[in-house]
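Contents: one structure, followed by commentary.
First the proteins, then the strands, lettered A, B, ... as listed; each starts at 1.
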Amino acid sequence: MEFSDILDIIVGGLTSGMLLFMVAAGLTLVFGVLRIINFSHGAIYMLAAYISYSVMALFGNAPNTYWMALLIAPIAVAVLGALIEVFLLRPMYNREHLMQLLVTYALVLVIVDATKFLWGPDPKMVLLPDILSGRIAILGATFSVYSLVLILIGFLTMAGLWLFLNKTKLGHIIRAGAFDPEMTEALGINLKFIYTFIFSLGAWMAGLAGVLIAPLTTVSQGMDSSVLLDAFAVVVIGGMGSIGGAFLASILVGLGNSFGLLWIAGIAIAFTFIVMAVVLVVRPWGLFGRPIK
Amino acid sequence: MKSNRIGTFLPLLFLVFLFLLGQILPNFYLRIIIEMAILGLFAQSLNLIMGYGGMISFGHAAFYGFGAYAVAILLRDTGMSLVPAILTGTVLTGVFGFIVGAICLRAAKLYFAILTMAISQLLFVLVYQWYAFTGGDNGIHGLTVSPWMTDPQHYYYFVLAVVGLCFFAIRVILNSPFGYTLRALRDNQERTVFLGAYVWWQKLIAFVFAAMFAGIAGGLYVGYDHMAYPLLVNWSKSAEPILMVILGGINTFWGALVGAVLFVIMEMVIGKITTYWLFFLGATILILVMFFPKGIWGYVEEKLAPFLARER
Amino acid sequence: MMLKANKLNTYYGLSHILFDLSFEVNEKEIVCVLGRNGVGKTTLLRTIMGLTPPHTGSINFKGEEVAGKRPYQLARRGIGYVPADRRIFPDLTVRQNLEIAQKPGTSGSNSEQWTIREVFEFFPMLVKLENRFGNQLSGGEQQILSIARAIVGNSDLLLLDEPSEGLSPLIVGDLRERLLALKNKGLSILICEQNTTFAFKLSSRGYIIDKGRILYQGMVDELNSDEKVKDCLAI
Amino acid sequence: MADNNNLLEIKDLKLSFGNVHAVDGVNLTVKKGDLTAVIGPNGAGKTTLFNVITGYYSPDQGTISFNGQEIGGSPSHKIARSGIARSFQITNIFPTLTTFENVQIAYLIIRGKSFNTVSGFRKLNRGSVEEILETVGLKEKANTLAGLLSHGDQRTLEIGITLACKPKLLLLDEPTSGMSSWETNLVTDLIEKISREMGITIMFVEHDMKVAFSVARNVVVMHQGQVFAHGTPENIRSNQEVRKIYLGEE
Amino acid sequence: MRKNTIFTLTILLVFGLLTLCSGLALAGETVKIGFVGAFTGPAFKMTKDAEQAAVLAIEEINATGGILGNKIEMDSRDGGNRPELHARLAREMIEQEKVKAIFGGGASSCVLGASAVAKELKVPYLVSVGNSSSIVWKKGHHYVCLFESNSSMEANAWVAWAAKQPWRTYSWIGPDYEWSRMTLKAFKQKLAARGINLKFKKELWHKLGETTFTSYVPVLKASRPEVLFIGTWGSSLNAFILQAGQAGLFDKMKAFGMIAEDTCIALGKKFPQGLHGFSRGAFNYYSAKEAAGKEFTDKYYKKFNMYPGGFSFCAYDSVIAWAAAVKKAGSFDSTKVADALRGLKFSGPRGDQYIRAVDGQLNCATTMGPLVYNEKYGFAVLDPATAIAAENVWLSVDEVKAIYSKQ
């Protein structure tokens, strides 16, 4: 084992952590503001990946049309997210949690079958632009450029969300609305719009994650459920509603998994859930969450 | 209390009807009814804690699967016959439910739901990997039960008897002080504390009951399909009883059964026309949740209310 | 006329709280609503603010019927709400608390537009707290911030719920002075109080309510000298 | 051992939230059979005091002795079982149960029957529960869902629930809040009747002075977390200081 | 009122569908067969490949006048990944639709579930997707036939192939479940039995359906074996190859494993060099070898505008074998057909084949070899393919009988 190998493993772990975070961030954001567990987050992620394929196909399927897909697909699902919020979730806010959960769960069934119907059985391949598909040597280790880009995007997403929520007026409004919706409305802020915006933003982030992962895998049925459970676990470990928590938990799970693979065989399948169970038993509201009443 | 008599009379009439069905229906339909009854018991066991106790569990399949695997392994390894195996399996599931409940009840509401899901997912991983004991991903197939039980008509009566007894037992529990304390907890936990209730124990015991009834349902399933497999423990299986309870009507006694019946029918009927049946299931749930939050049976019950005694 | 409410009836769930309540607030006027706790004062303000909309009755604000409007719509029309528990956002700084509440006044308003800087000038004690978080403020500081938050939204009418509660006498005096200054700048204020002395020193007119009904109303001087009023408010 | 006639003795009780001293050194003695009104302006600490007595909060300091036993810091359900029953400021019933079931469930829980899974709930102790419903005047509405009762009836039902707890001490938090004057009269009569006929010691928080002074035999005035005055209604009424804290000062 | 209307409409809709279906069930006078597959989840592509081939086979049979003068009609059902649903659907089709045989398959547990029903109701079950050896051996019975090499045969084929390769230090990655654990174990043992001792530097197990391998790839890279044995399949495999390729894993080591057409097609041009794969029915290999293979590939391409996958060959074979068995039995009677299937000889796109009488296993070869990108097809194919005959890798008749006698 050489230093370059360790470096390689760290980068690998961070990459998977950041991919996880990209999905988890939207999930935890929506929970933090709307108090809804969005089961359909994974389905939206898959839908965006399929849309990105179609966008590229529309523009001739050249690798560089990926940029178009990266722009359009997340926006498309963000629009869908806004529609879902307005027509399906809005009537649910006064109802029990269970009913809200059922709506998002039912959406999973609907969206998954719709993608199957619209895109058919074949896995779809999304190509990377040449500039991203190369490799680069640093300190004796070779990394895929895309891996480094993903890590960068993960950190940028965290930074962006942090800046947005902490340094902009809209961000402050969102945090205020999450803490005390009634008082926020009494200050002249239309929370309905904020909720739609946040759910739409959550969908956009799921979409972005979907488009980002697409070139690393093939777009196919089943990609939603495998990511959802892991992202969900990360959100719970970090504390539901805490974006920083999700970020640290993603890194913890990503790196933990990498080094777990190195030292303990056969742990990967249960690793995330073991961490989650331990955290929940010790601190049921997660590492950085607040207990909800 | 005249109307009350109609309330108890109807289920009896229903039982007679089911008995006659066993005489006239071909095996194929009997097997469908068996499946409905088993899933109905599974859903009802969840309804006990979710509908009446207000505890949402995302991991209820853990107990259904635990019961199923316990029975399957007992049948495979010990040469026990089905009935003692189910009895043993139920006790084991109860013990398992006690441990899981004691851990999960540290948390409340959504966190409780998530914790149950995490634990059931851990069990899934265990079952999936422990090849020597649980058969790993393939599961346990081709179990033999006594020839008498293998006959669908006989098994139909057996399941009917067991599920009927369980429903009766659940009914008794729900109509006992314990059952009403459970409702009181759901309505207003704080108040019951000031009435001197041991909330934690109350919930834990309810949880164990629910686990045991789910375990019985799992055991009956093994006697029916002669197999156990990891998906019985998966979170997607946990979603099924939730959907059934909502489909039929939460907070109603018969809703869980009605939901299970509808679920099986939908799966068969729509699945026959299109392989996209989940789309229609999703759409149905959306319509129900948006427009009929009380579920199908809840809605019917509301319409029948003038004719029936209050059945709660 | 700034605000005119007519025959308001409000329920909390099944509980009937306000009974046929009618009152009015004129421009540049401070009006107080007095009563012991539990008589429906808070509900009254919540009803006007749209947080607990009235079951029946009308609320006319600056010539427009606003009963049944959402709270944010009322806020945008120029009503500022200062709840009894202040409800400062604990994770935001003083400045951020003000920023999110800042909005332009309504076009028909003749009062000048507030900026955050002017608010800081108006409440000098907030200046040194600018970057303090909401949960690091004392009760009095929270109260001032809560009022500041309402006026930075360029409200024409302030609804104050028990502003003097839990404050030391020194701060209460200061608060009164600030509120009078606000009135002189053109704001109308509707204030619900238990502290009769404080309220009477501040307002020109008053309503005494009990069990959700108006028992007495009139100019403050009349009310102040009326023994029946005192009996109703105290013992 | 203190005076055997004292049911509740509170000594130097303190509880703060952060730097808010909600209960700030309360000393209070309640005699058996007493009917005490607790009054005081908003935020005086009345409800918090009830919450400490019933174990919802643990006191920071001080002792609470009930019937000669120290109960400060015990869990709520134990305190409830020792004979302190309470009602709440906000309506706090079981809305999806019927009136009868509301009282019945309280009756059974307090007697430790909540783990009985076999008896028919509605048939147990019918007589006693009906008696309580009779006392509070809800017998005709026995089979109505509590959530559908009028507000006044819901408040009355709360008293019924506390009565089912076979209390030695009854703590009622604003039993007449949100009631019409007609309903208020019914409840005050009821409180008086419970005290007189059943001999139960009662403490109640009240804002309506007319009610407080007409019913109570003793009045406790709380102000800023402390007992400001304690005496007969006449004493309190003539106390200028008390009057002053109500009208406010600067 | 509005609620009432919606409610009534919903009820009407459900019952409408119900009657519609029972009507449909009564309509046909043709002979029915059933296809139960996993149209939901990760096995969707394989299932669709198989189903399309079965549809094609039936079209051809009907075009030539059907079997024994009867037209054939196939019904498809989605059993997803749920064993009990596969079992229930199989039962429903047999008892209600009166199908004469069940085709398709899915995950091993699903096949085993449906197989138990076929055994109980005595109806032939011709499996073309899912290849656990338990299907024909441990849980085998008279009514089940398997139209691809089973897992044990495939493992042996890998052994035979790997024994000829120069590699001695290995690493492994595969999904964490019984099939791949068994495969790896058998692989090691059997090579050892041939006197070839391998050194495994790293064995990584991922969860089934995993699509993020960025943590795995560097660990494998750091283990520095001569060759990587890949047990991963399906969309997980696509993801692994892409991510490993991007990180330069295949520059450092050779790799071989369960890489079949679906992955080659999905990855297209992106398929890295230096990988070795296998197929259950490599269309380019059989097209070159057999006229029937070429004909099938062309017809399939023409009808569905895609090349047949390995499972297409298996499913096509299963239908024509059944047709041949019916002709041989001279009747649709399911027991007679099952009898006829045992030892049946027939000719299909993979050439002349037979179903072994003792266990119902088709004697299909396993084709393996280097995967090379092909301009004409637009994806990588086995080039050159080595076929390892079933007779070299399956358990002998005596061994199979020994397994049966233990049951």
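Chain B forms more heavy-atom pairs under 4.5 Å with one residue of D:Gly120, D:Pro95, D:Gly55, D:Ala164 than with any other, namely D:Pro95. Most heavy-atom pairs under 4.5 Å with chain B, from the set D:Thr54, D:Asn92, D:Leu108: that is D:Asn92.
The minimum heavy-atom distance linking D:Ala80 with B:Gly196 is given by the pair CB-N, 3.5 Å. D:Ser119 and B:Pro177 get closest at one heavy-atom pair: O-CD, 3.4 Å. When every heavy atom of D:Ile110 is checked against every heavy atom of B:Leu195, the shortest pair comes out as CD1-O, 3.1 Å. Contact between B:Ala184 and D:Ile105 at its shortest, heavy atoms only, is CB-CG1, 4.1 Å. Of all non-hydrogen atoms in B:Ser176 and D:Val118, the two that sit nearest each other are CB-N, 3.8 Å.
Contacts of D:Thr63 classified as side chain to side chain donor-acceptor pair (under 3.5 Å), with partners at least two apart in sequence or in another chain: none. Take D:Ser128 and apply the side chain to side chain donor-acceptor pair (under 3.5 Å) test, not counting sequence neighbours, and it matches D:Tyr107.
Residues D:Phe94 and B:Thr192 form a side-chain contact, since some pair of their non-hydrogen atoms from C-beta on lies under 4.5 Å apart. Taking the side chain as every heavy atom from C-beta outward, D:Lys113 and B:Phe178 never approach each other to under 4.5 Å. Side-chain contact check for B:Gln202 versus D:Phe115: some heavy-atom pair is nearer than 4.5 Å. Counting heavy atoms from C-beta outward, B:Phe209 and D:Thr117 have side chains that approach closer than 4.5 Å. With a 4.5 Å cut-off on side-chain heavy atoms, D:His77 and B:Val199 do not count as touching.
Looking at B:Tyr198, both its backbone and its side chain come within 4.5 Å of chain D, counting heavy atoms on both sides. At a 4.5 Å heavy-atom cutoff, the contact between D:Ala106 and chain B is made by backbone and side-chain atoms alike. Using a 4.5 Å cut-off between heavy atoms, D:Phe88 touches chain B through its side chain atoms alone. Heavy atoms closer than 4.5 Å to chain D are found in the side chain of B:Ile205, but not in its backbone.
Shown here is B:Trp200, whose CH2 atom has more than 12 heavy atoms of other residues, nucleotides or ligands within 6.0 Å. For D:Glu131, the CD atom counts as loosely surrounded, since its 6.0 Å shell holds 12 or fewer non-hydrogen atoms of other residues, nucleotides or ligands.
D:Gln104 and B:Tyr180 share no side-chain donor-acceptor pair at under 3.5 Å. Residues B:Asp187 and D:Thr96 have side chains that bring a donor and an acceptor to within less than 3.5 angstrom of each other.
Taking CG of B:Asn175 as the start and CZ of D:Phe121 as the end, the distance is 9.5 Å to the nearest 0.5 Å.
Judged by distance alone, the side chain of D:Ser114 and the main-chain N or O of B:Thr181 form no donor-acceptor pair under 3.5 Å. Within the 3.5 Å criterion, the main-chain N or O of D:Ile93 finds no donor-acceptor partner in the side chain of B:Arg191.
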